[in-house]
Amino acid sequence: MPRPVIVVARQLPPLFMDAIASLGEVRVFDATAPAQSLEGASVWLGSAVDALTADRIASFPDSIGLIANIGVGTDNIDLNAAAKRRLQISNTPVVTEDTADLAMALLLATCRRLSASERLLREGDFAAGAGQQGIRVHGKTLGIVGFGAIGQAVARRASGFAMRVIYHGPRPRPEAEAVTGASFCEQLAQLLAEADIVSLHCPLTDATRHLFDAGTFAQMKAGAVLINTGRGALVDESALVDALAGNQLGGAGLDVFEFEPEVTPALKRFDNVTLLPHIGSATGECRADMAMRALANISAFLEQGRPLDGVTAA
Ligand code: DGY
């Protein structure tokens, strides 16, 4: 029996490459690889930084049956184009707690101006660092947009910080409310009117692209803080810059960017903005879990014809 061919979108850490090699023949299909590298392959393995457009998917040979994504978000893949080709898609829904930790860290860092204070201290100006006045966290209302696994994990953490938590999503989640103490806002506008801090945890789709634009910012409380560990394009960054410049917002904590890996230069001007390079899942443990889960998906697909974590177009 010939070994199945697994195409990886880029070189991955050696341990991971070795583990994939235990499942089949591995070919690296990076920007320099000839198109025929895909011929005869059964699986394509990539991550959020590897865009699979409709054209790219159309160019896949018929042999490919699974797109295995390392990461929970699949907005890098044109899901409708994949469905037309009857390609299965899997993700790695094992990033929940690490991403929620980072969202909470970003919330605290932004409200308490950790980046600015630390920068001033490192520059030798202890007094100026000590003089930074942040925004109190406890007792404030946190509005969570998107109340899936990660949004709920953030709610659990926020209640430990004595915050009131409200959320908006497609439907109420009574079972999660019982655990987190969060309450449902049917309308986003209601959440925006009440929240002191808004944290984004919804997937990026055509419906949620630029969910936060000038109109949305205008509905937020004056001085509210925006936290985004979801996807950059949920936010219109040019409108965000205007909202910060006009002091409509009191700060922003961003782990993801509209034009990633580019960061809108104007965002770097604000002292009340914390910028991180998409590190929600960047713990050694979480990255290992993601790698193992991607392998388990590939293995299940090769053995039983279906991955464990199948994703379908909405
Ligand atoms: C995810 O799992 O989607 C993270 O954002 C890493 O891409």
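As the structure lists them, so they are numbered: ligands from 1, and atoms in each ligand from 1. Everything quoted here is computed from the prediction, not taken from an experiment.
Between the R85 side chain and the F60 main chain, a donor and an acceptor come within less than 3.5 Å of each other.
Using a 4.0 Å cut-off between charged nitrogen and carboxylate oxygen, R119 and D271 count as a salt-bridge pair. Comment: E97 engages R156 in a salt bridge, judged by a side-chain N to carboxylate O separation of less than 4.0 angstrom. Salt-bridge annotation for E260 and R231: absent, with no side-chain N of the basic residue lying under 4.0 Å from a carboxylate O of the acidic one.
Residue-ligand proximity, V95 to ligand 1, at heavy-atom distances under 4.0 Å covers atoms 2 (O). Residue R231 has at least one heavy-atom neighbour below 4.0 Å for each of these atoms of ligand 1: 1 (C), 3 (O), 5 (O), 7 (O). Atoms of ligand 1 found under 4.0 Å from any heavy atom of A48, numbered from 1 in the order shown, are 7 (O). Residue V72 approaches ligand 1 through these ligand atoms, each under 4.0 Å from one of its heavy atoms: 1 (C), 2 (O), 3 (O).
Of the polar atoms of S281, none of the N or O atoms is found under 3.5 Å from an N or O of ligand 1, judged by distance alone. Between G73 and ligand 1, at least one pair of N/O atoms sits closer than 3.5 Å. Residue-to-ligand polar distances keep I70 apart from ligand 1: every N/O pair is separated by 3.5 Å or more.
The structure places CD1 of I6 at 9.5 Å from CD of E25, a figure rounded to the nearest 0.5 Å.
Ring pair F184/H168 is parallel by interplanar angle, where below 30° counts as parallel and above 60° as perpendicular.
Ranking the protein heavy atoms by distance from atom 6 (C) of ligand 1 puts H278 NE2, 3.7 Å first.
Contact check for I166 versus Q190: no side-chain heavy atoms found under the 4.5 Å cut-off.
Residue contacts with ligand 1 for R287 are absent, since no atom lies close enough (heavy atoms, distance under 4.0 Å).
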